[in-house]
Amino acid sequence: MKPIKVIVAGPRGKMGSAALRMIQQSDNLQLVGCIDRKFDGQIVKDLDGLPDFEAKIYEDPEVCLNEVEADVLIDLTTPEFGYKHTKLALENGVRPVVGTTGFTKEQLNELTEMAENKRIGAVIAPNFAIGAVLMMQFSKWAAKHFPDVEIIERHHDQKLDAPSGTAVKTAELIQEEREAKHQGHPDEKETMKGARGADSEGLKIHSVRLPGLVAHQEVMFGGSGETLTIKHDSINRDSFMTGVKLSVERVMEMDILAYGLENLLD
Ligand SMILES: NC(=O)c1ccc[n+]([C@@H]2O[C@H](COP(=O)([O-])OP(=O)(O)OC[C@H]3O[C@@H](n4cnc5c(N)ncnc54)[C@H](O)[C@@H]3O)[C@@H](O)[C@H]2O)c1
Ligand SMILES: O=C(O)C1=N[C@H](C(=O)O)CCC1
């Protein structure tokens, strides 16, 4: 079997470097290039702390996609550049596997349409951890029985987007089961702005950012005389790599964009 040829955008980041280690440990994946905002023309193995790969680094994603023959682009960068890279990959016939969060609904719709028109596989997963996908699915199920729900997501303090992609996706899944519903007292007033969190069709989302955290979420449901809390913790970035690898393998057989890893799981 020929290995799947992969470009990684964001190779020096927390997730990108974990993805490089995952590729190094996989016998069916081959790193063929990297996109970084620095170190144009350098070789991955010559950069401090990165694994022993001969692949070249490109600052210009267009040059990378023109020069390098690749099957898949893994993007783990920032919302602004992640969107640009995903679009460019689709335009160049390279399947994007995107972990970068913070895309708008309009951007997601546009990318979904592009993949469909070009009949090319793509995966955009707000959370690649299997446990997080189960937490979201269990929450969707619970919302059928408990329409009163709030989300508390906690992440490290270097995160750019709030609420997290996982919290946004969880709210969307819950909204497939429940009608929009104002929660709390009808006359409730915030005496300090933001005290009740962000509002998604009445569902409140609270974002905590602190050093020491990785990625955590609690979905709290309240009913008559009882509460139910569904909780997931990623305690390190290896938690995401099973999902990244699975997506790279599965995207090779797909011809549409999947938003969420649950679409790839049995
Ligand atoms: N889907 C998931 O399971 C999951 C898990 C963790 C993080 N994330 C998301 O992945 C993204 C990266 O997270 P992180 O913790 O690794 O962040 P990070 O800040 O550690 O890494 C981001 C990297 O992107 C690079 N970068 C920035 N602009 C770039 C550009 N124009 N071209 C190429 N590279 C560029 C930076 O140099 C940096 O190395 C974030 O959007 C985060 O929310 C998703
Ligand atoms: O570290 C991050 O940033 C993470 N972002 C994702 C999100 O926004 O949901 C998933 C978990 C880690």
Side-chain angles (χ1 to χ4, degrees), residues 4 6-26 29-39 44 47-51 53 55 57-59 61 64 70 72-86 89 94-103 111 122-133 135-136 153-169 207 209-217 232-251 258-261 264:
I4 303 171
V6 181
I7 294 172
V8 172
R12 289 177 302 117
K14 294 183 279 301
M15 282 291 282
S17 54
L20 291 194
R21 289 192 297 276
M22 179 275 289
I23 293 171
Q24 196 178 34
Q25 287 157 17
S26 306
L29 309 185
Q30 180 189 0
L31 185 78
V32 290
C34 282
I35 300 171
D36 199 325
R37 61 195 168 89
K38 281 193 195 164
F39 302 112
V44 172
L47 263 58
D48 272 355
L50 291 194
F53 283 114
I57 295 172
Y58 295 81
E59 279 179 28
C64 179
V72 174
L73 169 87
I74 302 178
D75 190 274
L76 298 160
T77 60
T78 62
E80 181 189 352
F81 290 101
Y83 164 68
K84 288 184 183 159
H85 295 161
T86 308
V94 174
R95 302 159 188 84
V97 167
V98 181
T100 305
T101 51
F103 292 2
L111 296 168
V123 177
I124 299 183
N127 202 315
F128 282 117
I130 306 296
V133 176
M135 175 260 297
M136 289 186 258
E153 57 96 339
R154 296 179 285 126
H155 280 83
H156 58 92
D157 63 350
Q158 299 306 301
K159 187 162 178 58
L160 293 178
D161 52 317
S164 71
T166 308
V168 172
K169 176 82 187 178
S207 297
R209 298 289 177 265
L210 285 173
L213 294 172
V214 179
H216 318 261
Q217 180 166 292
H232 177 262
D233 297 279
S234 271
I235 53 176
N236 61 43
R237 268 109 196 153
D238 288 346
S239 63
F240 305 115
M241 292 303 133
T242 316
V244 174
K245 185 171 190 316
L246 177 79
S247 301
V248 171
E249 291 165 352
R250 292 292 306 278
V251 80
Y259 169 52
L261 191 66
L264 276 61

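What's counted below: heavy atoms across the whole structure, side chains too, no hydrogens, waters or symmetry copies.
- Remark: the backbone N or O of A167 is not paired with any side-chain donor or acceptor of E153 at under 3.5 angstrom.
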Might you work through the side chain to side chain contact (heavy atoms under 4.5 Å, CB included) test for R250 and L264, ending with a clear yes or no?
CA-CA 7 Å; R250 292 292 306 278; L264 276 61; 3.8 Å; yes
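- Side chain of T100 to backbone of P79: no donor-acceptor contact under 3.5 angstrom is found.
- If you take CE on M22 and CZ on R237, they are separated by 15.5 Å, rounding to the nearest 0.5 Å.
- Of all non-hydrogen atoms in V94 and L73, the two that sit nearest each other are CG1-N, 3.5 Å.
- One distance of note links CZ of F128 with CG of L76; it measures 7.0 Å at 0.5 Å rounding.
- Heavy atoms only, all atoms of each residue included: D75 and G82 are closest at OD1-CA, 3.2 Å.
- With values rounded to the nearest 0.5 angstrom, I57 atom CD1 is found 12.5 Å from R37 atom CZ.
- With hydrogens and angles disregarded, a donor-acceptor distance shorter than 3.5 Å links the side chain of K169 to the backbone of Y259.
- R209 and S164 get closest at one heavy-atom pair: NH2-N, 4.0 Å.
- One distance of note links CG of L111 with OH of Y83; it measures 6.0 Å at 0.5 Å rounding.
- In this model, no donor atom of one side chain and acceptor atom of the other lie less than 3.5 Å apart for S207 and K159.
- Atom NE2 of H85 and atom CD1 of I7 lie 10.5 Å apart (nearest 0.5 Å).
- Distance check: M241 CE to K245 NZ gives 12.5 Å after rounding to the nearest 0.5 Å.
- Annotation: side chain of M136 is in contact with side chain of N127 (closest heavy-atom distance under 4.5 Å).
- The shortest non-hydrogen separation linking D36 to P11 is OD2-CG, 3.7 Å.
- Across all non-hydrogen atoms, the minimal contact from A70 to V32 is CB-CG2, 4.0 Å.
- Around the CD1 atom of I235, the shell of radius 6.0 Å holds no more than 12 heavy atoms that belong to other residues, nucleotides or ligands.
- In plain terms, the two heavy atoms of F240 and M15 that are nearest each other are CD1-SD, 3.4 Å.
- Not one N or O on the side chain of S26 forms a donor-acceptor pair closer than 3.5 Å with the backbone of L29.
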